[in-house]
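The analysis underlying the following values was restricted to heavy atoms, covering all of them including side chains, and did not include hydrogens, waters or symmetry mates. Treat the numbers as computed from the prediction; the structure is a model and nothing was measured.
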Protein chains: 2
Amino acid sequence: MIKVGILGYGNLGRGVEAAIKKNDDMELVAVYTRRDPSTLTIKTPTAAVKSTADLDTGKEELDILVICGGSATDLPEMTPKYAAMYNVIDSFDTHARVPEHFANVDKAAKSAGKVGIISCGWDPGMFSLNRVYAGAVLPDGQAYTFWGKGVSQGHSDAVRRIDGVLDARQYTIPVPEALERVRSGENPDLSTREKHLRECFVVAEEGADLARIENEIKTMPNYFADYDTTVHFIDAEEMKANHSGLPHGGSVIYSGTTSDGTKHVIEYSLNLDSNPEFTGSVLVAFARAAVRLNAEGASGAKTVFDIAPAYLCRESGEELRAHLL
Amino acid sequence: MIKVGILGYGNLGRGVEAAIKKNDDMELVAVYTRRDPSTLTIKTPTAAVKSTADLDTGKEELDILVICGGSATDLPEMTPKYAAMYNVIDSFDTHARVPEHFANVDKAAKSAGKVGIISCGWDPGMFSLNRVYAGAVLPDGQAYTFWGKGVSQGHSDAVRRIDGVLDARQYTIPVPEALERVRSGENPDLSTREKHLRECFVVAEEGADLARIENEIKTMPNYFADYDTTVHFIDAEEMKANHSGLPHGGSVIYSGTTSDGTKHVIEYSLNLDSNPEFTGSVLVAFARAAVRLNAEGASGAKTVFDIAPAYLCRESGEELRAHLL
């Protein structure tokens, strides 16, 4: 059994816990929290709830620690720190800071003889893999990534921070015409606005100035200003009834040519009922790979690009070749 | 520059040649043929046309040999033979004989200190990768593979062998309702007939008994008897005008659950103008991986499951992380 620890018990931590239940070669040993452990109830009766202080001893009996923190401040600190003690994996997704994060984790993991996988999930993660495979097979081509339809938690949070907003949910939606043009192999140049729409559902305080809120959303730099955005005001009941899930998904579409006029289109798409449960499932599969690689003597930082697919699987090479090749 | 040899110059050999032109770190050194080399004209002016007898010396200066033979009789003999002399790669696709072929190539390649990649292309190949990744991420799920719409060369050949048939093209077509049911996450049980249709375009000899030909096609065991098949008789001109390409493609659709009622659907689909040019492109990307693995000291037989994606790419790890993660 692979002994797994989870650091952080938000949506993603619970998604990892759900994923572990689906893999009978893995067991959840403990959830580590910065909160008072006695206040936390988890869904795995056989696992402990512990404080991060226990983790900091470096003495927890874990084959791997899945670090479920935020990319802005948690992971840049936590992943290198714990890579110096345990095999670790995270879902770091601040693109511009990947080189720095990789270097920090690499240094810590190498000196401890541990493996640290960073930026694992679906994007970065499965989408990245598909960009790389497609680009390697069809070097004369172009990749397009579309996200959605799905809930963007970052954009939902941004709307919630507006004065007078009680709750908000933001859906990112690919523009159907853009999808069709890319699937046709046309290789169009698409602006930000041409690729995605944004749709917001907002619960406002009673008496709030709805026109002001709508305007603040639509003109918000980086988040909304470059997109066509629609805003719907709803009540808390409707929010709960129709928008309580965290569905997501999207597509990586790659089109390329191999000779004059000979085109090929590769599409990888995800349709996910729960973003955190799917992300957790990817983390758990790669956690298995990290443990195996480390058992073979590997150490240092890795990404999904560095890991042969067979390492993700419980099946032996013989079984994979016999049944899945 | 990676020095590549191609053994066999049929559709696939020409596809590999086209793919090499798209990769500026690779050069085609020679095409090896069992025919009289003087009868063969290739599209790469800088490459030689040589006899397989030259290859048999084991002295050709090649980083890798791409073996473009048939799976029935050529590859089981050729791939182990040349794996004892060169790094090799093939597209062996006789599923039931993969374990035997892998063992033979492994033995030859290991004793020579070479790498031999077998069963590389899109199915087996890219589709296999997607079955493995999806199954690893969502162990509680099911994979469905659909082929087409596209030309099946094996089925076209089978129709051509019928008495009175001058030429034939067979298209394999997924049943739209089956695709929709699988995409919905329903996980249906589908019979062979429910998954694919077969459509044949046939040029018959003048005066041939068309009803007999149609009946022979539709009742042919293994190839057609288990499918709904339609047969169209056309003339040679229409065949040339509308059916001279070798388009193909298909989808691997995987649906699985991570908790009660929480479903996820992963779909990988290919829409290929030219089956042999795409297959050749996959072979060339993995040929690069074989050469690199061998340079690092690896030897023996490998499949797509055993190769980390970064090995397929010209870009460095830093570049991949910065631009594609």
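Residues of residues 133-147 of chain B having a heavy atom under 4.5 Å from any heavy atom of chain A, listed by number: Tyr133(B), Ala136(B), Val137(B), Leu138(B), Pro139(B), Asp140(B). Close approach to chain A, defined as a heavy atom under 4.5 Å from one of its heavy atoms, is seen in Ala18(B), Lys22(B), Asn23(B) of residues 16-27 of chain B, taken by number.
With rounding to the nearest 0.5 Å, the separation of NZ in Lys43(B) from OG in Ser259(A) is 7.0 Å. Atoms NE2 and CD, on His264(A) and Glu277(B) in that order, are 5.5 Å from each other to the nearest 0.5 Å. The line from CG of Leu324(A) to CZ of Phe127(B) is 14.0 Å long, rounded to the nearest 0.5 Å.
The neighbour count for Tyr311(B) OH, taken as heavy atoms of other residues, nucleotides or ligands under 6.0 Å away, does not exceed 12.
Residue contact with chain A, scored on non-hydrogen atoms closer than 4.5 Å, is absent for Val252(B). In this structure, the portions of Ser274(B) lying under 4.5 Å from any heavy atom of chain A include both its backbone and its side chain. Only the side chain of Thr303(A) comes within less than 4.5 Å of a heavy atom in chain B; its backbone stays farther off. Contacts between Arg183(A) and chain B at a heavy-atom distance below 4.5 Å are absent for every atom of the residue. Only the side chain of Leu129(B) has a heavy atom closer than 4.5 Å to any heavy atom of chain A. In this structure, the portion of Val98(B) lying under 4.5 Å from any heavy atom of chain A is its side chain and not its backbone. Heavy-atom distances place no part of Asp93(B) under 4.5 Å from chain A, backbone and side chain included.
Screening residues 247-263 of chain A for salt bridge (Lys or Arg N to Asp or Glu O under 4.0 Å) gives no qualifying pairs among residues at least two apart or on separate chains.
Considering every non-hydrogen atom in both Ala310(A) and Asp306(B), the closest pair reads CB-OD1, 4.1 Å. Scanning both residues, Pro124(B) and Leu325(A), for their nearest heavy atoms gives CB-O, 3.3 Å.
Within the cation-pi definition used here (under 6.0 Å to the ring centroid, within 45° of the axis), Arg321(B) qualifies as a partner of Phe102(A).
Contact annotation: the side chain of Phe278(A) approaches that of Ile266(B) to within less than 4.5 Å [non-hydrogen atoms, C-beta and beyond]. For the pair Asp273(B) and Thr257(A), the minimum side-chain heavy-atom distance is 4.5 Å or more. For the pair Thr258(A)/Ser281(B), a side-chain contact is recorded, criterion being any heavy-atom separation below 4.5 Å from C-beta on.
With chain B as the partner, the residue from Ala289(A), Pro309(A), Ala322(A) showing the most heavy-atom pairs under 4.5 Å is Pro309(A).
Annotation: side-chain contact (heavy atoms from CB on, under 4.5 Å) contacts of Glu315(B) (sequence neighbours excluded): Cys313(B), Glu319(B), Leu320(B).
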